[in-house]
Amino acid sequence: MDYETVMNFALKKGFYFPSCDIYPDKSAGFWEYGPLGVNFKNNFIELWRREIIRHDDILEIDGSQIMSKSVFIASGHAKNFTDPIIKCQKCNSTFRADKLIIEKTKINLGENEPLHKYDDLITKNNIHCPKCSNKFLKPTRFNMMFSIGIGPENELAYLRPETCQSIFVDFPRLFKIMRGKLPFGVAQIGKSFRNEIAPRQSILRLREFYQAEIEIFCNPNELNSHQKLLKIDNTLIRISIDGETNVISCKEAVDSKFIPNMLIAYYMGLLTKFYAKTGIDMTKTRFRKLSEKEKAFYSESSFDFEAETTIGWLELVSCNYRTNYDLLNHAKFSKENYSVIDHDEKITPHVFEISMGIDRSLYSILEHNLKNDVINKRTVLMLKPYLAPIHVGILSLLKKDGLEEQADVIYSEMKKNFIAFLDHSGTVGRRYRRLDEIGTPFVITVDYQTIKDQTVTIRIRDDMSQKRIKINEIKSFLTNKIFIH
RNA sequence: GCGAAGUUAGUCUAGUGGUAUGACGUCAGCUUCCCAAGCUGAAGAACACGUGUUCAAAUCACGUACUUCGCACCA
């Protein structure tokens, strides 16, 4: 399905919708998840916990969203998270100062020079607005972090632009109290905030968005030798370098130097297995190696996990080898001890980061799984059962002769273990169609035979087939189909 | 942020000066023991927000916000 169809679908069914919609001063880039969206998101997060976090013995924390200024001075965001921009005096067009200078003079200042350097070059080379040829105002800096005032004195702090900083800040404490050993994984799921200049495309580019980040603290001397990495298997990963995509096993990727070390390959394999379970079409994904220019300021080696959608390749996960950049900086600015003992050797661990965009992942799953079943004249969301916002629908075939009451009894039992939905109204076909559309994998229908012999029909979404089972077998049937795989 | 187009019920839509059309959806009832769009009825929009022009504005003008597309931006 294309972007527009998915968008309309999500809006119509209340998966997500714009925030503050009824007021004229609402801002772009803020969206809310409705009931079905929340269930879907929670199920996705639970899958992430099961397949990656618990699987790999990673610890999860929940840090605060507002963090003090010092954190971002140490992390480099206060300085590097800004762009030098210039505005035209007349037409108000905004440009990146560094980019415009490269274009006109081939001089590459980078984005972190003092503002007067940009100004000097613009004046010296007589650079004018490309749109209207008028002069520019003095360059300024645009910081993508939202600042916030704490307490009566409005002390400057920031809404975190990435969730990982609290993991770095907390690392020494976590390593001690959790009796850490390298490699040591810490994860966090939560909101991050970035003041995008132009948020677009609903939940794909938000100012407030969900991230699931994992930081693997490791010994840089063991990136190819730690015992755990020997578990690396022949999971096929798709790697794209300079526009060419290779399908290759994790092991081969390291041997052939596509991936710099086994640690990165190991987690790429894990991530691949996770995304395969979300139902994303893996043939439409790739790990794209970022060029020197594209990498973030803190990263030595970066791969983006991307999914192909109808609006192009979407970055779902950013994998960055951050070296000891973050820990050394926090150690330096806070004077806290960030070194640990590993094999009788005192080191500051390196960090490999897996930074997942939840909102974009959810969108990609929807786009790859929303199907138009022309033969049966229905729209079906072919979600994996464990991701479905409703696990099971409970219907009474007719609303009379005690069928309704019987369905009520089954419903109240089912909702203890599953996300269940009860519906009595209208024709049964219409109710099946509605549940298909939001991805409900199973529907139980109470009919006249139920009254006689305590059996119900259970309908399978994907092929619309039905089978009859005993009421007391429903729970184990659903458990097997939904949670065990 | 620039340029262009747009903004009428949950969704789509008619309506170019006299407070709004239709469909789908929703709800209630009927019908039907199994795959939507049969029947009856009901609710739901002062037409994005604001200002102005006018006796009168969804309809004209201006501003703002948002949406879409293009440019720029995406650490």
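Protein chains get the first letters and strands the later ones, always in sequence-line order, with residue 1 at the start of each.
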With a 3.5 Å cut-off and sequence neighbours excluded, list the donor-acceptor pairs that the side chains of residues 434-445 of chain A form with protein atoms.
residue, atom, partner, partner atom, Å
Arg434(A), NH2, Asp423(A), OD2, 3.2
Asp436(A), OD1, Arg459(A), NH1, 3.0
Asp436(A), OD2, Arg378(A), NH1, 2.9
Asp436(A), OD2, Arg459(A), NH2, 2.9
Glu437(A), OE1, Lys13(A), NZ, 3.3
Thr440(A), OG1, Leu435(A), O, 3.2
Thr445(A), OG1, Tyr432(A), OH, 2.7

Side-chain atoms of residues 395-402 of chain A: list all donor-acceptor pairs with protein atoms under 3.5 Å, sequence neighbours left out, distances to 0.1 Å.
residue, atom, partner, partner atom, Å
Ser396(A), OG, His424(A), ND1, 2.7
Asp401(A), OD2, Tyr448(A), OH, 2.3

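Nucleotide G44(B) forms no Watson-Crick or G-U wobble pair with any nucleotide shown, as no partner meets the under 3.5 Å limit on both distances. When both pairing distances are held under 3.5 Å, A56(B) makes no Watson-Crick or G-U pair with any nucleotide shown. Figure legend. G29(B) is base-paired to C39(B); pairs are counted as Watson-Crick or G-U wobble with both atom distances under 3.5 Å. Nucleotide C66(B): paired with G6(B) (Watson-Crick or G-U wobble, both distances less than 3.5 Å). Nucleotide C71(B) forms a pair with G1(B), judged by Watson-Crick or G-U wobble geometry with both contacts under 3.5 Å. U16(B) makes up no base pair with any nucleotide shown, lacking Watson-Crick or G-U wobble contacts both under 3.5 Å. Nucleotide C34(B) is matched to nothing when pairs are restricted to Watson-Crick or G-U wobble geometry with both distances under 3.5 angstrom. Within the shown strands, A61(B) is the pairing partner of U51(B) under the Watson-Crick or G-U definition, both distances less than 3.5 Å.
In this structure, the CD1 atom of Ile86(A) is 15 Å from the P atom of A72(B), given to the nearest Å. The nearest whole Å value for the distance from the CD1 atom in Ile438(A) to the C1' atom in G10(B) is 15 Å. We find that NZ of Lys13(A) is positioned 13 Å from P of U11(B), with the value rounded to whole Å. What separates CD of Glu4(A) from P of U67(B) is a distance of 15 Å, to the nearest Å. Between Leu11(A) atom CG and G25(B) atom C1' the separation is 14 Å, expressed in whole Å. Rounded to whole angstrom, the span from the CG atom of Leu290(A) across to the C1' atom of C74(B) amounts to 13 Å. Remark: C1' of C73(B) and CG of Leu204(A) are 16 Å apart, rounded to the nearest angstrom. When rounded to the nearest whole Å, the span between CZ of Arg207(A) and C1' of U67(B) equals 14 Å.
To the nearest whole angstrom, the two P atoms, one in U21(B) and one in G15(B), are 14 Å apart. G6(B) and G44(B) are spaced 32 Å apart, taking the P atom of each and rounding to whole Å. When the P atom is used for both A9(B) and G22(B), the distance is 16 Å, rounded to whole Å. When the P atom is compared between A65(B) and A20(B), the two are found 31 Å apart, to the nearest whole Å. For the P atoms, the distance from U16(B) to C39(B) is 31 Å, rounded to whole Å. U7(B) sits 15 Å from A58(B) when the P atoms are compared, rounded to a whole Å. The gap from the P atom of U54(B) to that of A42(B) amounts to 42 Å, rounded to the nearest Å. If you take atom P in U8(B) and the same atom in C47(B), they sit 12 Å apart, rounded to whole Å.
Side-chain contact annotation: Asn320(A) with Ser302(A), donor-acceptor N/O pair under 3.5 Å present. Checking Asn376(A) against Asp373(A) by side-chain atom types alone, a donor-acceptor pair falls below 3.5 Å. For the residue pair Ser361(A)/Tyr275(A), the side-chain donor-acceptor check at 3.5 Å is satisfied. No side-chain donor from either of Gln406(A) and Thr450(A) sits under 3.5 Å from a side-chain acceptor of the other. A donor and an acceptor atom, one from each side chain of Thr285(A) and Glu308(A), are nowhere located under 3.5 Å apart. For the residue pair Thr455(A) and Arg468(A), a side-chain donor N or O sits within less than 3.5 Å of a side-chain acceptor on the partner. A donor atom on one side chain and an acceptor atom on the other are found under 3.5 Å apart for Glu213(A) and Ser355(A).
Applying the side chain to side chain donor-acceptor pair (under 3.5 Å) rule to Ser64(A) yields no partners; only residues at least two apart in sequence or on another chain are considered.
Each of Glu162(A) and Tyr3(A) lies near RNA chain B, and the nucleotide nearest Tyr3(A) is the one positioned closer to the 5' end.
For Tyr267(A) and Tyr321(A), the distance between ring centers is not under 6.0 angstrom. A distance of 6.0 Å or more separates the ring centres of Tyr33(A) and Phe15(A).
Electrostatic pairing of Glu162(A) and Arg322(A) counts as a salt bridge here, judged by a charged N lying under 4.0 Å from a carboxylate O. Under a 4.0 Å N-O distance rule, the pair Lys124(A)/Asp120(A) does not qualify as a salt bridge.
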(request) Indicate for each nucleotide in nucleotides 31-41 of chain B, in 5' to 3' sequence, whether protein heavy atoms under 4.0 Å reach the base (B), only the sugar-phosphate (S), or nothing (-). (result) -BBBBBB----

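Annotation: proximity of residues 350-361 of chain A to RNA chain B (heavy atom, distance under 4.0 Å) is found for no residue. For RNA chain B, no neighbouring residue in residues 304-323 of chain A is found when judged by any heavy atom under 4.0 Å.
Taking 90° from 0 as the syn/anti boundary, the base of A46(B) is oriented syn.
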